There are 2 protein chains.
Amino acid sequence: MPKSAPAFDAPLPLADNLCFAVYSTALAFNAVYKPILDRLHLTYPQYLVMLVLWQQDDVPVKDIGRLLHLDSGTLTPLLKRLEAIGYLARRRHAADERQLRITLTDAGRALADQARSIPQGIGAACGLGWDELGKLRDQLTQLREQLDRAAEASRPAPAAVR
Amino acid sequence: MPKSAPAFDAPLPLADNLCFAVYSTALAFNAVYKPILDRLHLTYPQYLVMLVLWQQDDVPVKDIGRLLHLDSGTLTPLLKRLEAIGYLARRRHAADERQLRITLTDAGRALADQARSIPQGIGAACGLGWDELGKLRDQLTQLREQLDRAAEASRPAPAAVR
DNA sequence: GGCAATTAGATTGCACACAAAGTATTTATT
DNA sequence: AATAAATACTTTGTGTGCAATCTAATTGCC
């Protein structure tokens with residue numbers, strides 16, 4: 001039997017099924033993170049931004065967006081909320097006033113200590129060994145890169161200037 | 001070296017990294033589905049509901065929620081939108097007026113034809129073989145079940161009645 | 001220098017996703 | 001039968017996510 005088998009022998013077609021598995025696993029992950037992150041007054045996307053900042057402080061919004069695959073329409077209000085609760089500061093870059101540089105406050109830096117135990121807890125909730133965890137992450141990362149290419153390819157060409 | 005290795009030798013701890021991989025893959029999948037589903041005037045969660053209905057018509061909201069792992073707060077407005085564009089009907093069940101039964105309209109049934117080619121397109125966008133696709137889906141489904149158990153366990157006990 | 005194109009964010013509008021609280025109906029208990 | 005508890009859905013409020021559009025600043029080009 002060839003590799004690309006009939007698409008309708010499963011209750012839901014397999015490609016759809018994989019997407020649904022990813023989709024619902026993402027929601028399930030969020031449900032596990034939520035009670036933990038509630039204690040830090042963070043949502044999961046906010047936590048991702050904090051992870052970026054704990055790695056490197058004083059970052060333009062654009063870099064955060066590139067790292068997390070999120071656009072400014074998502075990040076602008078999210079960053080304003082993180083500023084409102086005092087974890088970071090938003091300041092225009094002197095050398096390029098278009099850029100908004102994000103820097104941690106003392107409270108934001110201090111939060112890293114409280115967050116340090118989170119990955120272990122999540123790892124335990126996954127019920128997977130170290131190597132399985134890594135393998136799955138690598139497969140998904142590859143898949144995401146492939147999907148990004150596919151989405152790019154199907155996007156309308158950038159209006160070639162004559 | 002034991003299985004549960006140090007948690008801080010990666011740029012981001014591994015468990016967080018797996019969650020991020022799932023999270024961003026879900027968003028990437030959505031970006032691939034979007035232009036395809038736009039032609040059917042569906043969002044991805046709406047498409048999931050239609051998949052359920054194409055399998056079994058005349059379903060209570062609760063069953064849809066159980067199948068898709070979505071709660072009524074999400075489904076109520078979503079189903080109203082699908083009703084507004086004429087793909088389904090919402091009717092109280094005669095035998096139990098609490099239940100809202102969802103049934104396909106002719107337009108909703110007809111849509112299945114247009115949707116038939118979607119899984120192949122998505123499968124191609126994944127760039128994975130049939131067996132890899134299935135293996136990944138199974139691993140993720142297992143992971144989601146494990147995460148559901150972990151979330152359940154960490155939820156406050158349902159207030160034992162004396 | 002002057003003007004077009006590009007770039008970085010902000011804003012608006014729409015659709016999830018879920019917690020919490022509310023309403024109506026049904027079932028269980030006494 | 002009356003009332004309590006459970007069930008099924010609705011409503012409200014908060015926080016994403018993204019498309020589309022907008023503004024302001026910078027860069028390119030002549």
Side-chain angles (χ1 to χ4, degrees), chain A residues 23-35 37-38 41-49 59-66 68-85 90-102 151 155-156 158-159 161-162, chain B residues 23-35 37-38 41-49 59-66 68-85 90-102 151 155-156 158-159 161-162:
Chain A
Y23 164 80
S24 62
T25 304
L27 297 184
F29 255 124
N30 198 51
V32 171
Y33 269 102
K34 188 170 189 320
L37 293 178
D38 274 351
H41 308 292
L42 291 176
T43 64
Y44 180 68
Q46 290 169 1
Y47 171 63
L48 290 178
V49 168
V59 190
V61 173
K62 188 166 199 288
D63 287 9
I64 299 177
R66 218 190 333 264
L68 302 183
H69 301 263
L70 296 174
D71 71 0
S72 70
T74 300
L75 288 174
T76 294
L78 188 157
L79 292 169
K80 283 184 177 174
R81 278 175 215 117
L82 287 177
E83 183 184 41
I85 59 177
R90 301 161 67 249
R91 214 176 291 115
R92 289 285 160 186
H93 192 47
D96 184 346
E97 288 280 342
R98 289 172 305 180
Q99 275 187 33
L100 189 72
R101 303 295 277 246
I102 308 299
R155 223 186 306 285
V161 199
R162 61 159 187 90
Chain B
Y23 166 80
S24 61
T25 304
L27 297 184
F29 255 124
N30 198 53
V32 171
Y33 269 102
K34 188 170 189 321
L37 293 178
D38 275 350
H41 309 292
L42 291 176
T43 64
Y44 180 68
Q46 289 169 2
Y47 171 64
L48 290 178
V49 168
V59 190
V61 174
K62 190 171 198 287
D63 287 8
I64 300 177
R66 218 189 335 263
L68 303 183
H69 301 264
L70 295 174
D71 72 1
S72 68
T74 300
L75 288 173
T76 294
L78 188 157
L79 292 168
K80 283 184 179 175
R81 277 175 217 118
L82 287 177
E83 182 184 41
I85 59 178
R90 301 160 67 248
R91 213 174 293 113
R92 290 284 162 186
H93 192 48
D96 184 346
E97 288 280 340
R98 291 171 304 180
Q99 274 186 34
L100 190 73
R101 303 295 279 246
I102 308 299
R155 223 186 306 286
V161 198
R162 60 148 195 99

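Just so you know, these numbers come straight off a predicted model, no measurement behind them. A note on names: the letters A, B, ... follow the listed sequences, proteins ahead of strands, and every chain is numbered from 1.
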Whole angstrom is fine here: how far is it from [atom1] in [X] over to [atom2] in [N]?
X     : N      : atom1 : atom2 : answer
B:Y23 : C:dC16 : OH    : C1'   : 13 Å
B:L48 : C:dA17 : CG    : C1'   : 13 Å
B:D38 : C:dA15 : CG    : C1'   : 12 Å
B:L75 : D:dT11 : CG    : P     : 14 Å
A:E97 : C:dA8  : CD    : C1'   : 12 Å
A:F29 : C:dA17 : CZ    : P     : 17 Å
A:N30 : C:dC18 : CG    : P     : 8 Å
B:H41 : C:dA15 : NE2   : P     : 13 Å

### Set of side chain to side chain contact (heavy atoms under 4.5 Å, CB included) partners for B:K34, sequence neighbours left out
B:D38
For nucleotides 7-9 of chain D, tabulate all protein N/O to nucleotide N/O atom pairs closer than 3.5 Å, reporting atom names and distance.
residue: D:dT7; atom: O4'; partner: B:R98; partner atom: NH1; Å: 3.4
residue: D:dT7; atom: O2; partner: B:R98; partner atom: NH1; Å: 3.2
residue: D:dA8; atom: O3'; partner: B:R98; partner atom: O; Å: 3.3
residue: D:dC9; atom: OP1; partner: B:V61; partner atom: N; Å: 3.4
residue: D:dC9; atom: OP1; partner: B:L100; partner atom: N; Å: 2.7
residue: D:dC9; atom: OP1; partner: B:L100; partner atom: O; Å: 3.3
residue: D:dC9; atom: OP2; partner: B:K62; partner atom: N; Å: 2.8
residue: D:dC9; atom: O3'; partner: B:R92; partner atom: NH2; Å: 3.3

### Query
Hey, what's the ring geometry for A:Y44 with B:Y23, parallel, tilted or perpendicular (30° and 60° as the breaks)?
perpendicular
Work out which heavy atom in [X] is nearest to a heavy atom in [Y]; give both atom names and the distance.
X     : Y     : value
A:Q46 : A:H41 : OE1-O, 3.8 Å
B:P77 : B:S72 : CD-O, 4.3 Å
A:L42 : A:L82 : CD2-CD2, 3.6 Å

Which nucleotide sits closest to the side chain of [X]: [options]?
X     : options                : result
A:R81 : C:dC18, C:dT26, D:dT16 : D:dT16
B:D71 : C:dA10, C:dA15, C:dC18 : C:dC18
A:T74 : D:dT11, D:dG17, C:dA15 : D:dG17
A:L78 : C:dC16, D:dC18, D:dT16 : D:dT16

### Separation between CD1 of B:I102 and NE2 of B:H93, rounded to the nearest 0.5 Å
12.5 Å
### Task
Just call it for B:L70: base, sugar-phosphate, or nothing, with non-hydrogen atoms closer than 4.0 Å on any strand.
sugar-phosphate
### Task
Please tell me which of A:G73 and A:H93 maps to the more 5' nucleotide of DNA chain D, matching each residue to the nucleotide holding its nearest heavy atom.
A:G73
### Query
Closest nucleotide of DNA chain D for A:P45 versus for A:A95: which of these residues is on the 5' side?
A:P45
### Message
Check this one for me: any side-chain N or O of A:K80 less than 4.0 Å away from OP1 or OP2 of C:dT11?
### Response
yes
### Query
Any side-chain heavy-atom pair from B:V49 and B:L79 closer than 4.5 angstrom?
yes
